[in-house]
Structures are given as C-alpha cells and as structure tokens.
**Q** 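Input: one structure, supplied below.
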Amino acid sequence: GGYTYREALPLVTRIYLTRVYTVIEDADTFFPELDGSWREVSRGGRRLDEASGLEYEFLIYEKRG
C-alpha cells in the first residue's frame with residue numbers, strides 16, 4: 001500500500017488523486033504527503049456520494065521542473 005505509493009512517486013510526472021474526506025479509525029495505509037516538488041494543477045471541488053455519505057474530490061498534481 002503506502003510503500004508502493006512511495007516507491008512509484010519518483011517514476012511519475014502526474015498524479016490523479018481522489019481525496020476522500022472521512023476518518024477510518026483502524027486505517028493503516030496512506031498516500032504519502034507530497035513535498036514541494038509537486039504542484040496542484042486541478043481541483044474538482046468537493047462532492048457528496050449520496051449512497052455512501054462520503055465527501056470526496058478529484059485533484060491533479062504535476063511534478064515541478
């Protein structure tokens with residue numbers, strides 16, 4: 001999970017990320033925090049999935065330089 005994300009980051013120049021706004025108490029895998037070498041180029045705005053009640057948004061990041 002998290003290890004795979006960290007290993008793949010140096011190989012990509014664009015990230016398509018779905019951010020889900022919820023807290024899962026026993027979660028053990030997370031996408032790593034992006035450092036200053038990434039810039040956000042698009043943000044879709046928060047949306048609500050009525051079936052699950054979860055809020056989410058789509059983001060796109062590109063590698064700087």
**Q** Examine distances only and state if a side-chain atom of R19 and a backbone atom of L59 form a donor-acceptor pair shorter than 3.5 Å.
**A** no
**Q** Find out if a path of hydrophobic residues (ILVMFWY) with successive side-chain heavy-atom gaps under 4.5 Å connects W38 to V41.
**A** no
**Q** Supply the members, apart from F30, of the Ile/Leu/Val/Met/Phe/Trp/Tyr cluster built from side-chain contacts under 4.5 Å; use none for a lone residue.
**A** none
**Q** Show me the pairs that pass salt bridge (Lys or Arg N to Asp or Glu O under 4.0 Å) and involve residues 51-61, at least two apart or across chains.
**A** R43-E57, R46-E55
**Q** Quick one: which residue pairs count as a side-chain hydrogen bond (donor to acceptor under 3.5 Å, both in side chains) with a foot in residues 26-35, not counting sequence neighbours?
**A** D35-S37
**Q** Could you note down all residue pairs passing ring pair (Phe, Tyr, Trp, His ring centres under 6.0 Å) where residues 5-24 supplies at least one of them, sequence neighbours left out?
**A** Y5-F31
**Q** Enumerate the ring pair (Phe, Tyr, Trp, His ring centres under 6.0 Å) contacts for residues 45-65, please, sequence neighbours excluded, ordered by first and then second residue.
**A** Y56-F58
**Q** Restricting to non-hydrogen atoms, name the atom on L9 and the atom on P32 that form the minimum distance, rounded to 0.1 Å.
**A** CD1-CG, 3.7 Å
**Q** By side-chain contact (heavy atoms from CB on, under 4.5 Å), which residues pair with T22, not counting sequence neighbours?
**A** V20, I24, L54
**Q** To the nearest 0.5 angstrom, please state how far the CD1 atom of I60 sits from the CD1 atom of I15.
**A** 11.0 Å
**Q** Taking salt bridge (Lys or Arg N to Asp or Glu O under 4.0 Å) as the cut-off, I'd like each qualifying pair that reaches into residues 2-18, sequence neighbours left out, listed once.
**A** R14-E62
